[in-house]
Structure formats: C-alpha cells, structure tokens
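Below: one structure, written as structure tokens.
Numbering of ligands and ligand atoms starts at 1, following listing order. One is the number of the first residue; the rest follow in order along the sequence. Quantities reported herein were computed from a predicted structural model and do not represent experimental measurements.
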Amino acid sequence: MNTEQLLNSLNISAINHGTATGLVWLNNDSEKSNSYSPVDGNIIAEYFTTSEENYNLVIEKSLEAFNVWKLWPAPKRGEVVRQIGEALRHKREDLGRLVSYEMGKSLQEGIGEVQEMIDICDYATGLSRQLYGMTTHSERPGHRMFEQWHPLGVVGIISAFNFPVAVWSWNAMIALVCGNVCVWKPSEKTPLTAIACQHVIKTVLEKNNIPEGVLSLLNGNRICGEWLTNDKRVNLISATGSTAMGREVGKVVSSRFGKSILELGGNNAIIVCEDADLKIAITACVFGAVGTAGQRCTTTRRLIIHSSIYEKFKDQLVKAYSQLKIGNPLIQENHMGPLIDKDAVEKYLHTISLIKEQGGNMIVEGGVLSGSGFESGCYVKPCIAEVSHDLAIVKTETFAPILYFMKYTDLDEAINIQNEVPQGLSSAIMTTDIRKSELFLSHAGSDCGIANVNIGTSGAEIGGAFGGEKETGGGRESGSDSWKSYMRRQTVTINYSSKLPLAQGISFEL
Ligand code: NAD
C-alpha cells in the first residue's frame, strides 16, 4: 500500500478539517498547518487548526452532550466503547502505519500502539460494569453509609507526540465509560493520526445516535492547550508531555480549582546486579534505550551497573549497539527510526556537547546521519556516555537515544543513584537474587511509579495504573483504579431510623 492509498483508507485528504464535535467536522476554521513526516521529511497533508470561536463551540456542545451522556447507564456507554474497539480493530494496520509514518516509530510499535487502544477499549468495556463504591458502617444506629462515584463533566486531554493515539485512548475510553465527555488536543507534531482516529470513531458515534459533543477534537499548538487549561468549564485536564508543560498546566488548573492528571517526563534507570541474567539484561537495556529512538517517557536513560560486571557488560552493550540498524521505521529490519523533528536533533546534539563539557566519556559516539534514506535530517546515532552519576546533565531528560552508563558497588548505593533524579516514572532491576529484587521493591527501594524486575523500563501493560512520582507529575492513567481520577466521590449517609442522632455523640435538643 502506498502513502496515497494509506491516507485514502483513513479518510485523510490533502487538506483536512481539524476540529470535530464527534459527529460533525467544523468546516469554518481558516488557519492551516502542515503535518511533516520525520521518516522522509515530506509534508503528509495539511490541516486546519482550531479557531478560538470553534473552541468555544466545541465546549458548548460538550456541556450539552454531558447532560445526556451522563444519564446513559454505564454498561450502555461501555457497549459504545466496545464498538470503538471493534472499529479500531478494522483499521489496526492502517492506523498503525500512519502512526509510524507521522511520528517515526517502528511499524511494529505503531501497530502496537493501536493494539493498545483496542486493549483499553476492551478493558473499559469491562470496567463499565465495575465502577464500584464501598460501603462502611455508620457510628449512628439506623444509618447506612456508602460512597458512590459520579462523572466529572468535560475532560480535556492534551497529548504528547510520542504516543500520538494510545495515551488519548487510555484517558478517553476510561473517562467515557465513567460518563464524561472528552475534548482532545493532540500534539501539533502528530495531528493526522488524531484526525484519522476521529474518522474511525465518528462511524460508531453515528451508528449509536451519540449526542454531538461526546468525543471532540481540537487541533493546534500550546495556545489551544491553554484555552483548555484556563477554561473553568473543563473539569479535568489530563496532560501528557514535558515537565515544563506540566509545571504550567498544573499551576493554571489548580488556580481555578480544576482537577488535573499530569503525566510528565521520566529519567528511567535499570540497575544491573552482579547476578543478573546478562542475556535478558542486554536485550532489555538496548530495547529500553533505543526503542522509539529514545522518545518514550519510559525510555531507559541510565544504566547502573555493578562494578564486578561493569567492563564485561560495557563490552557486550557496545557490541550490541554496533549491530543496530537505523533507517526508515516502516522497514521491519530497522531497529530505530528518526527523531520527531530537527529541533529534537538540535537538543540531542546540545546534550552530547554538555556531556563532554561536564566530563562524560562517549563510549559509543553519537552524530547525525546523512545521505540516502536520511534526507529528513532527523536520523541520529544512538550513543552511550560513561558518566559519574552526579553530573547535572544526567539529571535531566533529553528525549533522544542517549544512554548514561555508570558504576555502583553496593545495592543501597545503586538505589540511591536511581532515586536521586527529580523525575520518578519507571525503574528496573536485573537480578536473579530475590533478596535484591525485594529490597528494590521495598520502602527502601525505587521511588518511581513503575518498578520492574528482569524487565526493562519501557513497555507498560494497560491493566496496571500508569504514571510516576516527583516531577513526573503524580498522575495515574489506564488500569487498576485509575478510573477514580475521572469521577467525583460522594459520601452518602442515610438515616432510616425515627431519631436524629448526631455524629460524635453531640446532642442538640429543641
Ligand atoms: P510537550 O510538553 O512539548 O507537549 C505536550 C503537549 O502539551 C502538546 O500537545 C503541546 O501542544 C501541549 N502544551 C505545551 N505547553 C502547553 C501549555 N503551556 N498549556 C497547555 N498545553 C501545552 O511534550 P512533547 O515533546 O510532545 O512530548 C515529550 C514529553 O512528554 C517528554 O518529556 C515525555 O517524557 C513526556 N511524556 C510523558 C508520558 C507519561 O505518561 N509520563 C507519556 C508520553 C510522553
């Protein structure tokens, strides 16, 4: 299938509407922008960005839709989500291919991302029958107490470029079954996959007579995101992106007493112990560091290696890096595709110069690739720097395939190194010793939202709650009880007695 056929199959034209209220594409936006592919540097298509007027129209439609949607029984909402999952199944390969072409991740990862959307639809469908509240015992006779959960209202979803569609679906499918309506502002770097998704969903919304405004789409840059974050009508903002973005969004949303879920930057480490299964460890470390060209929030950025295996591990890692194939991510044999754009390449180069300036030693050199197949200027070499753990540059997230390699002598020291960065998303230990893995998982262990044993830092499953601590923002999305973030809790006490006893034994006689 060539690009033209692919775009046709996903309803992407040369020029696309960018704003939709679920059922209806708004056709009066006037500003246009381009979507570029980092794979070949070509413009894939044009799209209209959302005007402020249309933004307001979308929110008005969302508020109206909420009044209807929230009254649908949750399992009925779940049935709609099930159908969205089915519709995505039919477009799995094509949408995955567009994710890969527009974002630059490998085709397998692009298709995997759509699979993740399908998985979360299945999960949310089941969840729609499990939005449980707890009951508890009242201290007053003849009273009953319980908690129930109500939808919040309008959920604004701001997503990052590196997971152009999956992270939206984690939020939207859960928020939907909870009875909310959703407004999505995708990354301005990956607008077309969002537009293609909206086309897929529209068919399901139409078939089920879903009110206009249940699942809406905006397109634009941070200004469009700021309309959402500043808007009191938007009850919850779920924002995925850099820590710098989250700092702004968190401030703005909390100042208006809105709720937020922040999913921000990571600086993830793997501790490799002296008793690790090195075959597993090498594969996990290389995939963790170079998968998605180092542009996953869970990318492995730091390796903390026991001194007794340090040199051996280094040799094996360097050898593994020499076998990596970099190139067009749509060609299956390539392990790594491009960075998202030339700005990202500049940041990568700047970080390498800072590593050198701060005393790091490049054991696998980086650089920008040029020549045939690399015309977009976005292909770089994955590199490894041997560093002291306390370098300033090691504490920051550079969204590129740069791996820091460092040494430890005892596990407490390794855990301290792992925890000493400001971010707290994902972490892993490679060991065959249960004492070490249990220490890593204990209160004295990893301070991250995700802690893995004998698995790398990336590649989370949707069944678990996903998110991280510290500057990663503290939000949780996807599985487990993350749904509670999309609802408001109400504590109910019912007096079925013929008296009015007061709590804490207080008496009040008239
Ligand atoms: P980014 O912060 O540049 O942009 C993310 C989104 O926020 C975009 O849609 C952008 O338009 C919007 N935005 C930016 N500033 C805003 C503001 N002030 N108000 C409202 N919206 C604003 O991030 P990016 O480059 O697209 O993505 C990479 C970053 O995302 C990395 O730091 C990565 O670790 C992080 N990320 C985190 C997770 C997670 O779950 N923790 C997942 C994916 C990506």
Side-chain angles (χ1 to χ4, degrees), residues 18 33 38 49-50 55 102-105 109 113 116 156-171 183-191 193-194 217-231 234 237-253 255-256 258 260-268 291-301 339-341 343-344 346-348 396-400 421-426 448-450 457-460 462 464-478 482 485:
S33 195
T49 57
T50 306
Y55 166 77
E102 191 180 37
M103 186 274 157
K105 61 176 65 178
E109 290 177 79
E113 186 164 345
E116 212 170 326
I157 301 164
I158 298 173
S159 56
F161 79 84
N162 65 326
F163 278 92
V165 285
V167 171
W168 163 76
S169 70
W170 292 0
N171 283 281
V183 181
W184 179 18
K185 198 223 67 80
S187 167
E188 56 274 39
K189 295 174 185 173
T190 51
T193 42
L217 178 69
L218 310 170
N219 262 295
N221 58 19
R222 60 176 288 166
I223 310 237
C224 188
E226 285 169 2
W227 293 335
L228 276 171
T229 55
N230 281 291
D231 194 336
V234 180
I237 294 286
S238 179
T240 304
S242 58
T243 292
M245 177 278 281
R247 203 168 264 124
E248 287 302 310
V249 168
K251 226 180 335 190
V252 172
V253 178
S255 73
R256 62 172 176 84
S260 58
I261 299 173
L262 300 176
E263 296 287 354
L264 312 174
N267 192 351
N268 318 297
T292 327
Q295 299 170 111
R296 287 190 183 204
C297 49
T298 51
T299 288
T300 307
R301 309 215 176 272
L339 291 178
I340 185 68
D341 56 21
D343 278 356
E346 283 309 310
K347 285 184 188 147
Y348 157 89
T396 62
E397 179 199 46
T398 303
F399 223 47
V421 296
Q423 309 82 356
L425 181 53
S426 186
C448 292
I450 297 167
T457 55
S458 64
I462 57 113
F466 182 88
E469 302 300 328
K470 304 193 285 185
E471 290 190 4
T472 303
R476 291 295 185 279
E477 290 173 353
S478 199
S482 305
S485 309

Practice prompt. Over 60° means perpendicular and under 30° means parallel, so classify the ring planes of W168 and W184, tilted if in between.
Written response: parallel
Measure the distance from [atom] to every protein heavy atom, then report the residue, atom name and distance (to 0.1 Å) of the closest one.
atom	value
atom 40 (O) of ligand 1	F466 CE2, 3.0 Å
atom 21 (N) of ligand 1	G225 CA, 3.7 Å
atom 27 (O) of ligand 1	A160 CB, 3.3 Å

Should [X] be counted as touching ligand 1, given the test is an N or O pair under 3.5 Å?
X	value
L264	yes
K185	yes
E188	yes
T243	no
F163	no

Discussion item. Under 3.5 Å, is there a donor on one side chain and an acceptor on the other for T457 and T300?
Written reply: yes
Practice prompt. Go through the side-chain N and O atoms of E477 and N171 and say whether any donor and acceptor fall under 3.5 Å apart.
Written response: yes
Can you tell whether the side chains of [X] and [Y] come within less than 4.0 Å, N to carboxylate O?
X	Y	answer
R296	E109	yes
R247	E471	yes
E397	K347	no
E188	R222	no

I need the atoms of ligand 1 closer than 4.0 Å to a non-hydrogen atom of [X], numbered in the order shown.
X	value
S187	9 (O)
V249	19 (N), 20 (C)
N162	43 (C), 44 (C)
F399	28 (C), 31 (C), 33 (C), 34 (O)
P186	9 (O)
E226	18 (N), 19 (N), 20 (C)

Worksheet item: Of P164, S242, G156, which has the heavy atom at the shortest distance from atom 2 (O) of ligand 1?
Response: S242
Worksheet item: About how many Å separate OG1 of T396 and CD of Q423, when rounded to the nearest 0.5 Å?
Response: 7.5 Å
Worksheet item: Applying a strict 4.0 Å limit to heavy atoms, is S159 in contact with ligand 1?
Response: yes
Worksheet item: Could a heavy atom of V167 be found less than 4.0 Å from some atom of ligand 1?
Response: no
Practice prompt. Evaluate the side-chain proximity of L425 to F466: yes if any heavy-atom separation is below 4.5 Å, no if none is.
Written response: yes
Practice prompt. Identify the two heavy atoms, one from T292 and one from M103, that lie closest to each other, and give their separation to 0.1 Å.
Written response: CG2-CE, 3.7 Å
Practice prompt. Considering non-hydrogen atoms only, spot the tightest contact between Q295 and I340 and give its length.
Written response: OE1-N, 3.0 Å
Discussion item. If we set the cut-off at 4.0 Å for heavy atoms, which region of E397 has an atom near ligand 1: side chain, backbone, both, or neither?
Written reply: side chain
Practice prompt. Would you kindly specify which portion of I158 sits under 4.0 Å from ligand 1, judged on non-hydrogen atoms: side chain, backbone, both or neither?
Written response: side chain
